[in-house]
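A quick write-up on the structure given underneath.
Protein chains get the first letters and strands the later ones, always in sequence-line order, with residue 1 at the start of each.
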Amino acid sequence: MQDRSSSESNDGKTTFTMSPESTLFPVENYDLSSTLASGQAFRWRRVNDGWEGVVRDRWVRLTNAGAGISATIMAATDSGQSSWENLKHYLQLNADLDQIVATFPDDEPIRKAVQAAPGLRLLRQDPWECLASFILSSTKQIVQIQQIVAALCLRFGTPVAVPPGHAPHFAFPSAAQLAVCSETDLRECKMGFRAPYLLETARLVAGANPSLDSLYSLPVDAARLELMKFPGVGRKIADCVLLFAYGFQEAFPVDVWVIKALRDLYFRGRKVPLPRLQKFSRTHFGPNAGYAQQYLFHYMRTKKQKGDTP
DNA sequence: TCAGACCCTCACAG
DNA sequence: ACTGTGAGGGTCT
């Protein structure tokens, strides 16, 4: 005898009616292009004059409108409201950018970096997606990270509803979904030597060992130590997750671009040991150092594209 | 503290 | 067109 009493309801998946809903967020000084394409998140694609991606389990389209940000999501009839709240939180629409920038040191480099990308914001991402994405980021170009993440979502993520005529989209695969994969499965997403790191981390997270939610309530240094226990997660990736997912705005990820920015702009191009740079970043940039880091990162990258002057 | 290894892909020479 | 070469939001040993 088979017990099928609880499994007859359409594969256990409850289906809601999904339909696109739009709204206008009245927000000033929010530049979607520099924010969504600045290497903090890897799932946004420019489509025509807007940006399309997936936040949690929702397809989202965003465009900069005159009076703010125009947003369209696929909303379920019963939970549309919480989806909008999720999106607002993800975009950090309540952050007061002027106030944040006002806490930066009053020096020439950071002024120029802010001027180069006014309206660049920090997102507040899901910890697991952020952690997994940055494990995949080591010694990879941003374009390649996007490709790996896209392959991972396509292969292991749950499909999400999209408006008629749109290409399929997928949620970022959960830790549990990846934990049951083999290393070979993951390597087929072209992540190379990062595969065992991601797999082991997925298993630890799926087993809540530790639970990623528990890090919200820790001091930043303790949370960083927890993150660095995951294989493939060193200081830099831990700082990315602290900043982009947990909202520790003093976290200051130091990567090759930021090293170059600090050396060129603050140390006259001299070679400075990494620990010294980290100490400098902690003391110099203030309580929102992470925002400053993102401006410097974006500044160095876009400056290079416009023509190198060594 | 310091190399070297680690997978793989893309851009760019030649 | 084809092949060679270097480097890319690091981490581990």
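- Residue contacts for A/Ser133: at a heavy-atom cut-off of 4.0 Å it reaches no nucleic acid atom on any strand shown.
- The pair A/Asp49-A/Arg61 meets the salt-bridge criterion, with a side-chain N (NZ, NE, NH1 or NH2) lying under 4.0 Å from an Asp/Glu carboxylate O.
- In this structure, A/Asp239 places its CG atom 13 Å from P of C/dG10, rounding to the nearest Å.
- Salt bridge status for A/Arg235 with A/Asp239: present, with a side-chain N to carboxylate O gap under 4.0 Å.
- Aromatic ring orientation, A/Tyr246 versus A/Phe248: tilted (interplanar angle from 30° to 60°).
- Between the OG atom in A/Ser211 and the CD atom in A/Glu226 there is a gap of 10.0 Å [rounded to 0.5 Å].
- Distance check, rounded to the nearest 0.5 Å: CD of A/Gln125 to SG of A/Cys240 gives 10.0 Å.
- Rounded to an integer number of Å, the gap from A/Lys140 NZ to B/dC6 C1' is 11 Å.
- For the pair A/Phe252 and A/Val258, the minimum side-chain heavy-atom distance is below 4.5 Å.
- Whole-Å rounding puts the A/Trp257 CH2 to C/dG8 P distance at 8 Å.
- Comparing C/dT13 with B/dC7, their P atoms sit 13 Å apart, to the nearest whole Å.
- To the nearest angstrom, C1' of B/dC10 lies 12 Å from CD1 of A/Ile148.
- Atom CD1 in A/Ile145 sits about 6 Å away from atom C1' in C/dG9, given to the nearest Å.
- Rounded to whole Å, atom C1' of C/dC12 lies 12 Å from atom CE of A/Met228.
- Rounding to whole angstrom units, CD of residue A/Gln141 and P of C/dG10 are separated by 11 Å.
- In this structure, A/Phe172 and A/Arg56 have side chains that are not in contact, with every pair of non-hydrogen atoms separated by 4.5 Å or more.
- Interatomic distance, CZ of A/Arg121 versus CD1 of A/Ile100, reported as 7.5 Å (0.5 Å rounding).
- Using a 4.0 Å heavy-atom distance criterion, A/Gly232 is classed as a sugar-phosphate-only contact.
- Mapping A/Gln294 and A/Phe230 onto DNA chain C via the closest heavy atom, the residue that lands nearer the 5' end is A/Gln294.
- Counting only Watson-Crick and G-U wobble pairs whose two key distances fall under 3.5 Å, DNA chain C forms stems of three or more stacked pairs at B:3-6 with C:10-13, B:8-14 with C:2-8.
- Of the P atoms belonging to B/dG4 and C/dA7, the separation is 15 Å, rounded to the nearest Å.
- Less than 4.0 Å separates DNA chain C from at least one heavy atom of each of the following residues of residues 177-207 of chain A: A/Phe193, A/Tyr197.
- Of the P atoms belonging to C/dG9 and B/dA11, the separation is 13 Å, rounded to the nearest Å.
- In this structure, A/Arg45 places its CZ atom where only 12 or fewer heavy-atom neighbours from other residues, nucleotides or ligands lie under 6.0 Å away.
- Note on A/Asp221 versus A/Arg224: salt bridge recorded, some NZ/NE/NH1/NH2 to OD/OE distance being below 4.0 Å.
- Whole-Å rounding puts the A/Gln144 CD to B/dC8 P distance at 12 Å.
- No engagement by A/Val143 is indicated, since no non-hydrogen atom pair under 4.0 Å with the nucleic acid exists.
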